[in-house]
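Scroll down for the structure; my scribbles are underneath it.
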Amino acid sequence: MSGPNTNFDPVQVTPLNADQVEAMLAEALAAIEAAGNTTDLKQARIAHAGDRSPIALANREIGALPPQARKEAGQRVGRARGEINAAIARREAELKAAELESQLAAEAVDVTVPVATAPVGAPHPVTALMDKMSEVFLALGWEVVEGPELESEWFNFDALNLGPDHPARALQDTLWIDPVADGKCLRTSTSPTQLHTMLERREPPIHVVSPGKVFRADEYDATHLPVFHQIEGLCIDKGIGMAHLRGTLDHFARALFGDVRTRLRPHYFPFTEPSAEVDLECFVCHGESVGNPARPCRTCRSEGWIEWGGCGVVNPRVLVAAGIDPEVYSGFAFGMGVERSVMNRNSATDLRDFVEGDIRFSRSLLGGAR
Ligand code: DAH
């Protein structure tokens with residue numbers, strides 16, 4: 001009655017028991033389903049389909065079964081492994097798609113969202129016009145020079161033939177530097193650059209313009225600024241006179257303001273003889289408001305002309321102060337207010353707008369000044 005045990009019951013090999021395989025499969029499928037991302041899924045794959053997973057270990061047991069039991073156990077385990085691998089592949093595809101989706105969502109660019117544009121600055125209208133004025137003269141072959149803003153009394157007054165008692169020297173007009181006895185002041189006009197230029201160049205011909213800041217002890221209001229800008233012009237050569245001045249100013253005015261007429265009105269300046277004030281034809285009414293109460297013009301106060309600057313034939317005394325022989329050379333000079341020129345060109349009416357730093361002011365005038 002002895003002999004090999006041919007009644008070996010394969011169900012007795014625990015890992016291959018049908019319930020056990022079903023349980024492994026169910027556990028594996030649950031873990032795969034529960035994996036919320038590809039990293040979790042990788043863990044689930046190692047745990048439930050890797051070399052040391054219960055199902056892999058069960059698979060190894062198959063060889064230990066009696067031959068007649070192997071086929072059925074092999075099918076059962078093989079089907080379970082196939083299901084597990086298929087579930088992993090399915091879940092992996094799902095998770096990858098979801099991850100791609102969320103990555104795309106996170107990186108999405110909405111081109112319709114309004115962007116905060118960095119504000120762009122604008123050249124100040126005074127700077128823009130000074131550049132333009134300089135360009136007009138550069139095109140004529142003139143040079144652009146700069147002079148110091150801190151001046152000595154000699155350059156600012158004496159050399160320009162303003163006598164010791166000239167009212168402009170008074171404290172209420174000129175900003176003197178302490179101690180006043182040292183005779184240093186902030187230049188009250190760009191005219192001292194005439195002297196600097198002539199003393200530096202020595203020999204005419206001289207053709208220069210000099211734009212820059214000037215300073216006066218003035219109130220700060222709609223029509224006055226204690227700091228403003230002028231452009232000075234100086235031409236010295238043989239045989240230069242009033243006609244050259246007139247022609248140059250006409251060209252200057254037309255280059256800046258278009259087709260306008262100029263007018264010279266006799267005036268007095270200590271550094272020119274004869275001297276004149278130069279007016280521009282009113283760019284608003286073109287003179288039509290003059291003597292016409294029905295059409296008053298606020299811009300020129302119905303005078304038809306707007307004051308632009310001063311000019312004249314250089315006083316021989318100024319040439320002598322600069323070491324230039326007035327018997328050989330003569331010249332003309334002019335000085336224009338830059339803020340006033342901007343106002344003529346555009347319709348700015350309050351000088352305070354020039355210094356308050358509101359970019360809208362610069363932007364609104366740019367079109368005209370460039
Ligand atoms: N310096 C004068 C002023 O500030 C302007 C001026 C007038 C300049 C006549 C000149 C000139 O060169 O010839 O009011």
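Note that ligands are numbered from 1 as they come in the structure, with each ligand's atoms numbered from 1 the same way. In this chain, numbering begins with 1 at the start of the sequence shown. Quick caveat: nothing in here was measured; it's all calculated off a predicted structure.
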Atoms of ligand 1 less than 4.0 Å from [X] heavy atoms?
X      : result
Gln194 : 12 (O)
Phe269 : 7 (C), 9 (C)
Gly312 : 13 (O)
Ser189 : 1 (N), 4 (O)

Report task. Find out if a path of hydrophobic residues (ILVMFWY) with successive side-chain heavy-atom gaps under 4.5 Å connects Leu140 to Phe252. Result -> yes
Lys/Arg N to Asp/Glu carboxylate O, [X] vs [Y], below 4.0 Å:
X      : Y      : result
Glu22  : Arg79  : yes
Lys132 : Glu135 : no
Arg187 : Glu151 : no
Glu273 : Arg317 : no
Lys184 : Asp182 : no

Report task. Look only at the side chain of Asn85 and the backbone of Ala49, and say whether a donor-acceptor pair between them is shorter than 3.5 Å. Result -> no
Give the residue and atom name of whichever protein heavy atom lies nearest to [atom], and the separation in Å to one decimal.
atom                    : value
atom 14 (O) of ligand 1 : Arg216 NH2, 3.9 Å
atom 12 (O) of ligand 1 : Glu232 OE2, 2.6 Å
atom 1 (N) of ligand 1  : Ser191 OG, 3.0 Å

Query raised in the report: Is it true that Gln230 lies under 4.0 Å from ligand 1, counting heavy atoms only?
Result: yes
Requested in this report: Determine whether the side chains of Ser210 and Glu232 contain a donor N or O and an acceptor N or O closer than 3.5 Å.
Outcome: no
Is it the side chain (CB and beyond), the backbone, both or neither of [X] that lies under 4.0 Å from ligand 1, heavy atoms counted?
X      : answer
His267 : neither
Phe334 : backbone
Cys311 : backbone

Query raised in the report: Is the Phe361 ring parallel, tilted or perpendicular to the Phe354 ring (thresholds 30°, 60°)?
Result: perpendicular
Requested in this report: Have a look at Phe332, Phe271, Tyr268 and point out the one with the heavy atom closest to atom 6 (C) of ligand 1.
Outcome: Phe271
Query raised in the report: Purely on distance, is any nitrogen or oxygen of Ala333 under 3.5 Å from one on ligand 1?
Result: yes
